Amino acid sequence: MATKQNNILWRRVMAIAAIQAAISLMWIAYRAYLGTLLGGWGFSEDFTAQLLTVEVLLAVVMEPVFGALSDRQQRFLGSRLPLISLGVILAAAIFIGLPILGVFQLPLRWVLPAVAIAWALAMTMFRTPIYVLLLKSTPSRAELPLAISVLTMVIGVMGVLKPSIQNGLLAVGALPAFLAGSVTLLIASLCLGLVLPKPAAPLIEEAPTPSPLPWLGFVQTILMAIALTWGSAIVLQRWLDLFGSIPLTLGISVGQGLNLLVAILAIPVGWLTLRWQQYPLLGVAFGWLTVILLLLLGAPAQDGGYVVIALLWAWALATVRNGTLPYIFKTIPGDWAGLGIGIFFGISGLAGMVLSQWVPTEANRLQGLIGVVCLAIAATLALIPHRKNGSATPKP
């Protein structure tokens with residue numbers, strides 16, 4: 001299964017990247033049609049926004065819960081696949097049911113919102129365990145950024161294609177769109193199951209005692225989630241405020257162009273991170289993002305000289321995306337890796353919601369100050385040395 005070059009389990013990496021693409025496809029379809037489905041049952045647009053907020057708040061709790069359950073399952077069963085399989089099956093089945101349910105008018109008006117929430121919860125069941133499998137796709141920590149670069153590339157490509165995908169899904173109708181998302185998820189998950197090894201540990205009545213809870217690691221993970229989410233979003237917002245109206249070739253927007261840059265640079269940046277592993281590149285990348293934000297805060301609008309800054313921004317963001325999960329992996333011991341990643345995802349979602357709803361989106365001094373402080377905190381966290389832990393490598 002392992003390749004000679006770098007000994008990375010590329011088939012596992014590709015399967016996880018395919019699942020990430022399926023997750024993105026399902027969320028695009030869900031957000032494109034949710035308002036229409038709920039509107040057919042008499043719910044307002046404000047209610048739709050509130051429902052999405054509730055789903056984010058539930059994910060803050062459930063992402064860590066399912067991450068911890070996957071850690072426990074790993075200790076008892078020697079595999080995280082049962083929880084992943086259950087989550088995938090539930091998510092795919094409920095997802096297809098949403099457009100079917102949407103055409104009916106049942107006496108219980110809250111059935112459809114409840115089913116939508118159930119689907120969002122099912123999606124939280126398997127994402128964290130799958131990312132832990134990604135962390136085990138390489139024999140050493142040094143190779144993780146190169147493996148994760150494939151995922152970074154997929155995220156960037158989906159960001160570029162999102163408007164086209166959304167338009168295509170809206171053109172075919174709700175049921176075909178939701179069916180496409182469910183089938184894609186099931187096929188990608190089946191591919192992942194085929195490339196995973198059989199559990200090496202037998203079923204046992206009492207699991208081995210895990211290492212003590214890494215409270216300091218959890219605090220660092222929470223701070224990194226907030227600092228990364230806010231800092232990177234404010235840099236992007238400032239960039240769009242300055243240059244968002246500039247037309248690009250191929251009919252893509254500035255935001256799509258930046259995502260395309262990140263996708264193109266993801267794998268080369270991952271390779272360079274492997275070659276330059278003796279340098280603290282994650283901290284350097286956050287430092288560059290801080291400098292770039294300071295430059296953008298004082299930049300005149302639509303200055304063509306900022307093409308170089310765009311390239312540096314794409315390099316820094318690709319480095320950050322490639323290096324964030326390895327950072328959590330170093331911060332949280334392996335037998336708590338699922339809980340750590342779940343905390344990161346949950347807090348990131350909450351931080352993104354808070355930023356979009358409570359922090360002004362227009363360029364101003366407060367927003368710029370928040371961004372600079374967050375990026376500086378992230379750079380500091382990335383430069384803090386981590387203690388070596390004997391149990392730091394999670395099982396498959």
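From a predicted model like this one, the values you see are computed outputs, not experimental measurements. Quick note: residue numbers are just sequence positions, from 1.
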Query - Within one Ile-Leu-Val-Met-Phe-Trp-Tyr cluster: I341 and L216, side-chain cutoff 4.5 Å - result: no

Requested in this report: Using atom types as modelled and distance alone, determine if a side-chain donor or acceptor of Q277 lies under 3.5 Å from a backbone N or O of L274.
Outcome: yes

**Report entry** Reported CD1-to-CG distance for the pair I234 and L289, which is rounded to 0.5 angstrom
**Finding:** 12.0 Å

**Report entry** hydrophobic_cluster_shared for L383 and L325, side chain cutoff 4.5 Å
**Finding:** no

Query raised in the report: Can you check whether I332 reaches F218 side chain to side chain, under 4.5 Å on heavy atoms?
Result: yes

Query raised in the report: Same cluster for L236 and L369 if Ile/Leu/Val/Met/Phe/Trp/Tyr side chains link at under 4.5 Å?
Result: yes

Query raised in the report: Under 3.5 Å, side chain of D71 to main-chain N/O of L339, donor-acceptor pair present?
Result: yes

Query raised in the report: To the nearest 0.5 Å, what is the distance between CZ (R80) and OG (S85)?
Result: 14.0 Å

**Report entry** Shortest non-hydrogen contact between V56 and G349, atoms and distance
**Finding:** CG1-O, 3.5 Å

Report task. Decide yes or no for W276 and W271: does some side-chain heavy atom of the first lie under 4.5 Å from some side-chain heavy atom of the second? Result -> no

Query raised in the report: Which atom names give the shortest non-hydrogen contact between R11 and V195, and what distance separates them?
Result: CB-CG1, 3.9 Å

Report summary line: Across all chains, not counting sequence neighbours, the side-chain contact (heavy atoms from CB on, under 4.5 Å) partners of T380 are none

**Report entry** Worked verdict on E63 versus I343 for side-chain contact (heavy atoms from CB on, under 4.5 Å)
**Finding:** CA-CA 7 Å; E63 291 271 16; I343 290 174; over 6 Å; no

Query - Check: L296 main-chain N/O paired with R238 side-chain donor or acceptor under 3.5 Å - result: yes

Query - P82 and L77, any side-chain heavy atoms less than 4.5 Å apart - result: yes

Query raised in the report: Judged by atom type as modelled, is there a donor-acceptor pair below 3.5 Å linking the side chain of S356 to the main-chain atoms of M353?
Result: yes

Report task. For Y327 and A382, work out which heavy atoms get closest and say how close. Result -> CE1-CA, 4.1 Å

Query raised in the report: Is the closest side-chain heavy-atom distance between W288 and W313 below 4.5 Å?
Result: no

Query raised in the report: For A91 and M123, which heavy atoms make the closest approach, and how far apart are they?
Result: CB-SD, 3.7 Å

Report summary line: Closest non-hydrogen contact found for L144 with L134 is CD2-O, 3.9 Å

Requested in this report: Would you check, one step at a time, whether the test side-chain contact (heavy atoms from CB on, under 4.5 Å) holds for V13 with L151?
Outcome: CA-CA 8 Å; V13 172; L151 195 65; over 6 Å; no

Report task. Keeping the roles fixed (side chain from Y33, backbone from P99), state whether a donor-acceptor pair exists under 3.5 Å. Result -> no

Requested in this report: Report the residues that fulfil side chain to side chain donor-acceptor pair (under 3.5 Å) with Y30, sequence neighbours left out, ordered by chain and then residue number.
Outcome: E55

**Report entry** Any S79 side-chain heavy atom under 4.5 Å of Q73 side chain
**Finding:** no

Report task. Establish whether L312 and L294 are linked, either directly or via other cluster members, by ILVMFWY side-chain heavy-atom contacts under 4.5 Å. Result -> yes

Report task. State, yes or no, whether a side-chain contact exists between L9 and T138 at a heavy-atom distance under 4.5 Å. Result -> no

Requested in this report: Could you tell me whether the side chain of W41 and the main chain of L112 form a donor-acceptor pair under 3.5 Å?
Outcome: no

Requested in this report: Please answer whether the main-chain N or O of L196 pairs with a side-chain N or O of R12 as donor and acceptor at a distance below 3.5 Å.
Outcome: no

Query raised in the report: Going through the distances and angles, do L375 and W230 end up as a side-chain contact (heavy atoms from CB on, under 4.5 Å)?
Result: CA-CA 8 Å; L375 292 172; W230 285 15; over 6 Å; no

Query raised in the report: Yes or no on side-chain contact (heavy atoms from CB on, under 4.5 Å) for L83 and F126, after CA distance, side-chain angles and deciding distance?
Result: CA-CA 7 Å; L83 182 61; F126 61 88; over 6 Å; no

**Report entry** Common cluster, I155/W239, ILVMFWY with side-chain heavy-atom separation under 4.5 Å
**Finding:** yes

**Report entry** pair I370-L355: side-chain heavy atoms closer than 4.5 Å
**Finding:** no

Query raised in the report: Sequence neighbours excluded, which residues qualify as ring-ring contact (aromatic ring centres under 6.0 Å, His included) partners of F95?
Result: W119, F178

Query raised in the report: About how many Å separate CZ of F344 and CD1 of I328, when rounded to the nearest 0.5 Å?
Result: 4.5 Å

Query raised in the report: Do the side chain of T124 and the main chain of L121 share a donor and acceptor less than 3.5 angstrom apart?
Result: yes

Anything under 3.5 Å between a donor and an acceptor, one on a side chain of residues 19-27, the other on a protein residue two or more places apart or in another chain? List them.
residue : atom : partner : partner atom : Å
Q20     : OE1  : Y131    : OH           : 2.6
Q20     : NE2  : S24     : OG           : 3.3
S24     : OG   : Q20     : O            : 3.1

Report task. Determine whether L57 and L350 make a side-chain contact, defined as any pair of heavy atoms from C-beta on separated by less than 4.5 Å. Result -> yes

Query raised in the report: Measuring from S149:OG to L265:CG, what's the distance to the nearest 0.5 Å?
Result: 11.5 Å

Report task. Please round to the nearest 0.5 Å and tell me the distance separating atom CD1 of I16 and atom OG of S137. Result -> 6.0 Å

Report summary line: Residue set satisfying side chain to side chain donor-acceptor pair (under 3.5 Å) with T152, at least two apart, ordered chain then number -> N322

Acceptor/donor pairs from residues 156-163 side chains to any protein atom, 3.5 angstrom cut, sequence neighbours excluded:
none

**Report entry** CD on Q237 to OG on S232, rounded to 0.5 Å
**Finding:** 12.0 Å

Query raised in the report: When you measure from the side chain of T290 to the backbone N and O of F286, does any donor-acceptor pair fall under 3.5 Å?
Result: yes

Query raised in the report: Taking T128 for the side chain and G67 for the main chain, is one N or O donor matched with an acceptor at less than 3.5 Å?
Result: no

**Report entry** Shortest non-hydrogen separation from P129 to I84 and the atoms involved
**Finding:** CB-CG1, 3.6 Å

